[in-house]
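Below is one structure, written out as structure tokens; the observations come after it.
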Amino acid sequence: MPLQIIRQDITKMNVDVIVNAANSSLLGGGGVDGCIHRAAGIELLEECKTLGGCITGDAKITGAYNLPCKYVIHAVGPRYIDGKHDEEALLRSCYEKSLQLAKKNKCESVAFPLISSGIYGYPKAEALKVAIDTISGFLLENDMTVYIVIFDKNAYKISEKLFSDIEEFIDDNYVDEHFCMYPESRRMNESYYAEEKCMSIDMGVGSTLFDDLEEDLSLDEVIDQIDESFSEMLLRKIDEKGIKDSECYKKANIDRKLFSKIRSDVHYKPSKPTVIAFAIALELSLDETRDMLMKAGFALSHSSKFDLIIEYFIRKGNYNIFEINEALFAFDQNLLGA
Ligand code: AR6
């Protein structure tokens, strides 16, 4: 998955390069800067002393010494004043300059902390948005695996409004499902039957699918009637939407190698998050998404928070995979992508 949000101590990341949220002296400090210098050892400070500092919004690269990565990029984020002092542009510039430096040094994987969101006071949700926007823009043009490392999960939240909307949607639908478990209430709830019918088609386990097959066919003949596979459906949808393969897998946050595998193997068995990632990239409706999931043997269920969050976004017509991943992360769910 090209962009991942994870919870980790950045000094433990096994990537080509980690990014430090430094200050313009580049001579160390508190927060993640302190952690990185402590873990790297004194040689890092010695090298930093030779760099002559760095201006806000810019970045410089050094070796990584005792850290498991190969390099450290020291980016200097802005101090947050009131949002009217170029803070956003300077923060974007930190990510852009760092990614360009990583690319120039042939790094294939990079881990970022949420620059400026600690001692420098940038509101965490906004800092995360800037990080996601800038990195995903870069990934549309470049192949790289980028991690946003969130140290203290409780310290950041997606917007309160989005969080409570999703929570409400989950609550309402969990309640429906629970309510419908009892026969008397099932009779009162017609929408449940609509859903249940749909689910049995989705799962491919009800009688519905097999009703279409003639009873006197041999097993070979039945197997000959095999439906379009997941891979075939994906390629067909890409053609129908008139988009390029690369546009599709990048929007799906799926890397090129995995996409090539799927393209070349008509019977490729994807994971559920991979199918959903493609459904989101192709902006499929809920029915089309269910159809694509069924091709890979999956369904969308109201008994799963993950599924409900996906359904929430599709119903809202919001197909921004990075925003969906932010929400999944906030609700402790697996993220979309490979
Ligand atoms: N791994 C990942 N993220 C971390 C870690 C860690 N080990 N430790 C902290 N964070 P900050 P800034 C998160 O304050 O706001 C220094 O003194 C932290 O939760 O490190 O850019 C420099 O020398 C927060 O979300 O950096 C500068 O003077 C994020 O990293 C100044 O602080 C950034 O917090 C820079 O302030």
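Keep in mind that this is a model prediction, so the values were computed, not measured. Start at 1 and go down the list; that is how both ligands and their atoms are numbered.
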_Heavy atoms only: which of Val32, Leu114, Thr11 lies closest to atom 33 (C) of ligand 1?_
Leu114
*asked:* If you measure every N or O of Ala22 against every N or O of ligand 1, does any of those distances drop under 3.5 Å?
replied: no
*Is the closest side-chain donor-acceptor distance between Ser285 and Asp287 under 3.5 Å?*
no
Which pairs would a plain distance check flag for residues 38-53, meaning a side-chain donor or acceptor within less than 3.5 Å of a matching protein atom at least two apart in sequence or in another chain?
unit_1	atom_1	unit_2	atom_2	d
Glu47	OE1	Gly63	N	3.0
Glu47	OE1	Tyr65	OH	2.6
Thr50	OG1	Glu47	O	2.5

_Distance filter under 4.0 Å to Gly29 heavy atoms, resulting ligand 1 atoms_ = 17 (O), 23 (O)
_What's the separation between atom CD1 in Ile73 and atom SG in Cys94, rounded to the nearest 0.5 Å?_
11.5 Å
*Enumerate the atoms of ligand 1 whose separation from the nearest heavy atom of Gly30 is less than 4.0 angstrom.*
16 (C), 17 (O)
*May I ask you to list the atoms of ligand 1 that are less than 4.0 angstrom from any heavy atom of Gly31?*
20 (O)
*Only heavy atoms count here, so choose which of Tyr80, Tyr120, Phe112, Phe151 is nearest to atom 8 (N) of ligand 1.*
Phe151
_Does any N or O of ligand 1 fall below 3.5 Å from an N or O anywhere on Ile119, backbone included?_
yes
*Can Gly77 be said to touch ligand 1, with heavy atoms closer than 4.0 Å?*
no
*What residue among Leu328, Ile321, Ile166 forms side-chain contact (heavy atoms from CB on, under 4.5 Å) with Phe313?*
Ile166
*Taking only heavy atoms of Cys35 into account, list the atoms of ligand 1 that are under 4.0 Å away from them.*
7 (N)
*Should you measure from each heavy atom of Lys124, which atoms of ligand 1 turn up under 4.0 Å away?*
19 (O), 24 (C), 25 (O)
*Atoms of ligand 1 less than 4.0 Å from Ala21 heavy atoms?*
21 (O), 22 (C), 26 (O), 35 (C)
*Which ligand 1 atoms, with their elements, are less than 4.0 angstrom from a heavy-atom of Asp9?*
1 (N), 6 (C), 7 (N)
*Are Lys237 and Glu240 close enough for a salt bridge, meaning some N to O gap below 4.0 Å?*
yes
*Tyr312 ring center near Phe169 ring center (under 6.0 Å)*: yes
*asked:* Asp16: which residues meet the side-chain contact (heavy atoms from CB on, under 4.5 Å) condition with it, sequence neighbours left out?
replied: Lys70, Cys107, Glu108, Ser109
*Is the Phe112 to Tyr95 ring centre distance short of 6.0 Å?*
yes
